[in-house]
Every structure is written in C-alpha cells, then in structure tokens.
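Structure record follows, encoded as structure tokens.
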Amino acid sequence: MHTGTHSTAHLPQEAGGCCGHDPAHGAHDHGVPSGGASPAAFTWRVEGMDCASCVATIDKALSRLPGVSGVSVSLARETVSLDLGNGTSAGEIEALLRRLGYRAARLASPASPATLAEPRRAASPSWWTTGKGRIAIAAGLLLVVAYGVSLADARLADAAFIVASLVAAAPIARTALRKAAAGAPMTIDMLMTVAVIGALVIGAVEEAAIVVFLFAVGELLEGVAAEKARSGIRALAALVPQTALRETGDRLENVPAEALAIGDIVVVRPGDRVPADGVVVDGRSSLDEAPITGESVPVAKGPGDKVFAGAINAEAALRVVVEAGAADNLVARIVRLVEEAQDAKAPTARFIDDFARWYMPLIVALAAAVAVAPPLVAGGDWMTWIYRGLTLLLIGCPCALVISVPAAMASSLSSAARNGLLVKGGAVIERLAGIETVAFDKTGTLTVGRPVVTDIVPLGSRDAAGLLALAAAVESHSSHPLAAAVAARAGRDGVQPPAASDVRALPGKGMEGTVGGTPVFIGAPPFAAERAPLDDALRASITRLEGEGKTVVVIVVGGEAAGLFALRDEPRADAADAVAELGALGVGSLMLSGDNPRTAAAIAGALGVEARGGMLPADKAAAIGELAARRRIAMVGDGINDAPALARAHVGIAMGGGTDVALEAADAALLHDRVRDVPVLLRLSRATMINVRQNIAVALGLKALFLVTTVVGATGLWMAILADTGATVLVTLNALRLLAFFRRA
C-alpha cells in the first residue's frame, strides 16, 4: 500500500499561536505519571475555540498539569485529547477548561475514531446566544447609554464612558488574566486590556469605550466565521441516518445505526438513506450519492454492488449486508481525514507562525519606544506619545496575518470534501498549485477499466447479430473479462444466445463448446488458425484492428472462420476533455501503461497525450522519479498497482471510488471515477493559493499603512482597533469565498 511520502494527514497537529503564541504541537509527552500507572485516554468536545490562540492557550494550560501527557488540541474538530494518569482527574480538566472560558463535554468513547466523525449539534448556535455575542451586545448598549448620558449632562460624560469601558472590558480582562496564568501572556485580550487602561489613564475615555465595542464585534465576527467554516464538515457528518431497519430472524427492527455490526442485514426503503457501508444482496434500485461524492447522476445498484452510508435510495427496497461499522464508514473516514488535514499546517502557514513569534515582541518593543522615546529625547508631550504607543500596540497585533493561511486552507479542504475530492492538508494544496505535469495510469484511470466490444466483423453470409449470438452462447459460461464483454454486448444489443453444451475453457487459448450440434471455438488468432484457415483479408482486418490498440478474437464455427470481434478498454467519457482542460491550464499530460506500446499509443492518440507502454510498476516509479527531478509532477492512479509511482510523485492522486486505498494511500483522492476532477483539483489549489496571497497582502498592507499613520498621529485608538478587526474579518470573509468554488466551477 502506498503510504504517501508527501501525505500530511497523519502528521502531528500544529497550530499557530495568535498574537505571539508559540505553536501548539499535537502531542506533548511528559512521561509516564508517577506511580507507574498506565495513563488512560480521554477526549472532550470543547466549544468556544475559534483561533490558533485558543489552541495554544489550552495546550499550554493542560500540559502543565501533573499526570497529563499526549495533549492534542484540534481546532477543526473542536476536541481536546490527552492521556491522564495520577495527579489530575477528568473533573479537574473540565474545571480548568471552564476557567479558561470554554465549554467542555467529555465524549463517551474517546478512544474510538467514530467520536471524531459523529454528527455534532444539528445547527450552529445563534450568534447572540454565544459568550462573544453577549459581550458585543452589552458593549454596544453601554456605549449607547454613555452617549445618552453625555448628551443629557456633559459633566457626567467622562464618568459614563469610564463605566462603559470598565464594565465592557471586564470579561476581556478576565480572559487575559486566565490566559496569562496558563502561560500565554501576550494575547490580543491582554493587549486590549492594557490599551483600555492606558486610554483611561490619559483621559481618552470616549475612545476607550469605542475600542472595547469594536473589539467585541470583531471577536464575534471571527467566531461566526470559524463556525461557518466548520459547518460544511458538520453537515457531512450528519448525512448518516440515526436509525436503521435491521433484519432479525423473520422480522425488521429499528436500531441505532451505530449499533450495526459487520454482517448484519439491513433493509433500505425508497427515500431512506443507507445507514452503513455495505453490499447489496437483494433488489435493484438507483442511489443518489451526490451528498457524499458530489456525483449528480443517480447510480444503478444491484446484487454485488457496494453502497455507502448516507446515499439516498431512490426507487426500490434494497437488502444490504453491512461491511463497515459506524467508525469506519465512508462518511466517518472522510470527516476524519478532512479534520486531520485542516489541523496539519501548510508550509506557508508554518512560516507565518514563525514570523509572528518574533514579530509580536518587536511590535511591543516598538510601541514602548514610541511611547517614551520622544518625550525623553525630544521633550515631546507624554500624553500624546503614550496615546500613539497604545495605538501602535493595538494595530500591531498579527491576528489577521496568523489566520490568513489556515482560514483559506480550511475553506478549501471543506469545499473539496463536499464535492468528492479529498486532500490531505494544506501542504498538498500548495504542491498541487505548482504542478506542471500530470502522469496518468491507463487502466481504470484514463479508461473505464474493463474491455468492451468495439467491432464485430462477420464473414461470408453471416450477420453481426447471428455471430454475436453464437459467441455469447459460449462466452456466457466464462468470467474472463473478454468473455464478459462479449456477453454484455449481446445483452445490450438484445441478442438472445442459444443454448451451448460441452463448454470448456482452454487456458491461454480461448473457449470452445457445442451450439446446435456444431462445434464453436472463440479465441486468439494464432489458436483460431489451428482450427481453420485465415485468409489474407481476415488477417489484414486483424492487423488493422490490433494497430488501433484493440484485442482481436476469432470465432470458428464448424471448422470455418466465421468472423472476429475486436475489444478494447475504452477511454472514460470525460478523459479527452480533462486532458484538454489541463492543457489550457498550462499543465502537460502523460500516460503510463503496462499494456503493449501499440495499445497504449492508440488510446493516447485518441486523448492527445504522450504515452509510454509496456511498463511494470517499478518502471512507472522510475519514470516518475526521472520526471520529478526536472518538473513538479502529479501521478494519478488506482492507489494499488501504481503505489510506487504515486509515492515518487510530488503529489499522488488516487482514483478509487471511495475505497480504503483511495482514502488512505495517496496525498489526494477522487471519490468518483471522473478524470475531469483532476483539473478541477488543480484549479481549486491555484485559487486557494491566490486567496492566501490576497489575505497576506491585506493583513500586512493594513498593518504597514496604519503603523505609519499612527506614528505621525493621523489615526487614533478606535481606528487602530477597527483596522485590526477589519483586517481579521476581511481575510476570513475572503477565505470563506472558497466554500462557493464549486458553484462557479
């Protein structure tokens, strides 16, 4: 199995600290707790996390507790996982999280992967019911009251604004002190507290009240945006129905879907969602898989076909045998993969975090210098320069910069997953955006993966239908792909084959049997020539068809060549369009095939790609390695035979219809077998990186502009916080535009 040398889905989670926090690494190991007791695993759902600062604060606070190890905080999942030994109880963990200002609920089965994919609350809470919403409303009302008092009696104006500032800032100050006690003193909450106190001291009371209100609104908008980014994955997790109709003996019973076990038989009625991944054992119907894979056309399902949890049954009842538990169904694996991918940082995001670590202390030092240097050195007015120092302190907070990359990546990954494209993290998105060449496997990737009859050439007085009937009479007794193709063509053309007797397979040669008392053989031309002479015209037809990359079989009836069939694994309907779209993007295409070079060249010629045939898996890997040394290359394959080549490429993309390999093996996976998803994935990646660059430009541009205007005295405190909040909101809203990418694609 391809482990994906570039895969980031299982890397330890990294979360950048906002406003100068160190990143919170995914797994801190503090050793075995005293007493030698084995630590137990616990997981909590933690509500209220909406930025990297929250992740860093929680991580630092929990890691300092005795007996706590393996702390892992996930912003995408809203979870905290850790190993708990002697010294700290689960209740103390929850109490600490509450003191930090978060709501924690312990998950029933923390060790189960299903807990990470379980449907969360059905709908996001209304913004006005959240803690940040209440603070924003209170700050706004207090500001209105203060202005009302100032209009009624100007002598009470200062007192009114002071009261409004202190009351509205009290929750922010408490949060700042809690985070400082947890080891994170340089947060935006602390900067706000210092700025408000400083403004009150120098008499800028009205501006202090305005700053608190604008900050509260900005924090509220940031929380709403974070919740919006999570809602897509939450909706995906909610696709799996809560109950299922399970067969128990001769009766049906309603049971929780999570209680289904492998081997159970469930009945899926028309209009129901499939409750678990499984295989149809009885019935035929069409299933709408659009909510899972993005495929808009219902897919016909019958006995032996796989179905996925969450698909909607459209027509008739199906009996399905369960093949995966709730923790391992396709939806659960998609949710788990995307959440892990969102927690894994892209190189750009890691760079921004590193930048923020030294940037924030520099800004604090610069603000202090602006506040004290001019009065001390040049005799400037203390109040004026302290005011400018406080303003600089607020405008310098790098919150917008820190979230500029993860916000875009989270939106991109969520949008892709909802449309059947799974990408394992921001690092893969960055590499995809720079791809210059895409190499495709042929069978099952550019082609449908099974042969079909393309030509029927009858000889003498026979017609095509009669020849097909004779061939199908014999071939219907074989499961060989070529035989199945002949039988399928007969069924498609409405040809009813006669009965055949004494049918037997001749390994490596073909099939023979008796139809209506006449011996019939169908097989490769060399072996057919042993049973009947092949004239020059027939041999010319064989040569011509083989030159087109087709496999030719000859049918011999009663010692005479009666005709021939040509078969080929045909290109997918969208393959040529996908190759053309890649060309329009400036990306080259290449086909690597294990078939003979003539067959590979014929398929490639029809698609307009370069072809290399006769390649073993090791040959493909070597070719990819050679190309990767010169160009940034992606490899698209089935995730099994092409594993070495997938591993050697800069990005490995698996087409696997939702199989384990497609989900786990490569850097990215296409859930529905559609070649056009490859250029779509590249366009999404490029759009994401453009979005990232826009966000960084907005964040740094506004900082630079207002740093200058602050030092020269052109902007004040309220403009500083408005610029900081505005930058955060702008980059978040810009990132959320990626959620609508597929509506424009």
### Evaluation steps, salt bridge (charged side-chain N to carboxylate O under 4.0 Å, His left out), between Lys550 and Glu546
CA-CA 5 Å; Lys550 299 175 181 177; Glu546 287 181 341; over 6 Å; no
### Verdict with reasoning, Val438 to Leu682, per side chain to side chain contact (heavy atoms under 4.5 Å, CB included)
CA-CA 10 Å; Val438 176; Leu682 295 188; 4.2 Å; yes
### Task
Take Thr688 and Met409 through the side chain to side chain contact (heavy atoms under 4.5 Å, CB included) test and state the conclusion after the steps.
CA-CA 7 Å; Thr688 302; Met409 292 298 178; 3.9 Å; yes
### Message
Using the rule given for side chain to side chain contact (heavy atoms under 4.5 Å, CB included), can you reason through Leu538 versus Leu534, listing the C-alpha separation, both sets of side-chain angles and the distance that settles it, and then say yes or no?
### Response
CA-CA 6 Å; Leu538 184 59; Leu534 306 182; 3.5 Å; yes
### Task
Quick one: do Leu684 and Phe742 satisfy side chain to side chain contact (heavy atoms under 4.5 Å, CB included)? Show the steps, please.
CA-CA 9 Å; Leu684 173 62; Phe742 286 89; 4.1 Å; yes
### Message
Quick one, Glu581 with Arg683, criterion salt bridge (charged side-chain N to carboxylate O under 4.0 Å, His left out). Give me CA distance, side-chain angles, the key distance, then yes/no.
### Response
CA-CA 10 Å; Glu581 192 170 345; Arg683 287 196 291 109; 3.1 Å; yes
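Arg631 and Thr437 share a donor-acceptor pair across their side chains, judged by distance under 3.5 Å alone.
With salt bridges taken as basic N to acidic carboxylate O contacts below 4.0 Å, one links Asp493 and Arg489. Taking 4.0 Å as the cut-off between side-chain N and carboxylate O, Arg539 and Asp536 do not count as a salt-bridged pair.
Judged purely by atom type and a 3.5 angstrom limit, Ser285 uses its side chain to pair as donor or acceptor with the backbone of Ala316. Of the possible polar contacts, one joining the Lys301 side chain to the Lys306 backbone as a donor-acceptor pair under 3.5 Å is found. Looking at Arg418, its side chain never comes within 3.5 Å of a backbone N or O of Ser414 through a donor-acceptor pair. Judged by distance alone, the side chain of Asp277 and the main-chain N or O of Ala309 form a donor-acceptor pair under 3.5 Å. Remark: the backbone N or O of Phe565 is not paired with any side-chain donor or acceptor of Asp455 at under 3.5 angstrom. Side-chain atoms of Ser415 come within 3.5 Å of backbone atoms of Leu738 as a donor-acceptor pair (strictly under, hydrogens ignored).
Each of Val486, Val553, Leu468 was scored for a side-chain contact (heavy atoms from CB on, under 4.5 Å) with Val453, with one residue passing: Val486.
Residues Val651 and Ile435 form a side-chain contact, since some pair of their non-hydrogen atoms from C-beta on lies under 4.5 Å apart. Here the side chains of Leu470 and Arg462 are in contact, with some heavy-atom distance below 4.5 Å. Arg568 places a side-chain heavy atom less than 4.5 Å from the side chain of Ile603. Counting heavy atoms from C-beta on, the side chains of Met689 and Glu430 come closer than 4.5 Å. You'll find the side chain of Val503 reaches within 4.5 Å of the side chain of Met511, heavy atoms only. Between Phe527 and Val554, every side-chain heavy-atom pair lies at or beyond the 4.5 Å cut-off. Using a 4.5 Å heavy-atom threshold, the side chains of Glu323 and Ile262 count as separate.
Residues forming a salt bridge (Lys or Arg N to Asp or Glu O under 4.0 Å) with Glu610 (at least two apart in sequence, or on another chain): Arg612.
Within 6.0 Å of atom CZ in Arg504, 12 or fewer heavy atoms from other residues, nucleotides or ligands are found, so the atom counts as exposed in its surroundings. Within 6.0 Å of the CD atom in Gln496, the count of heavy atoms belonging to other residues, nucleotides or ligands does not exceed 12. Shown here is Arg686, whose CZ atom has more than 12 heavy atoms of other residues, nucleotides or ligands within 6.0 Å.
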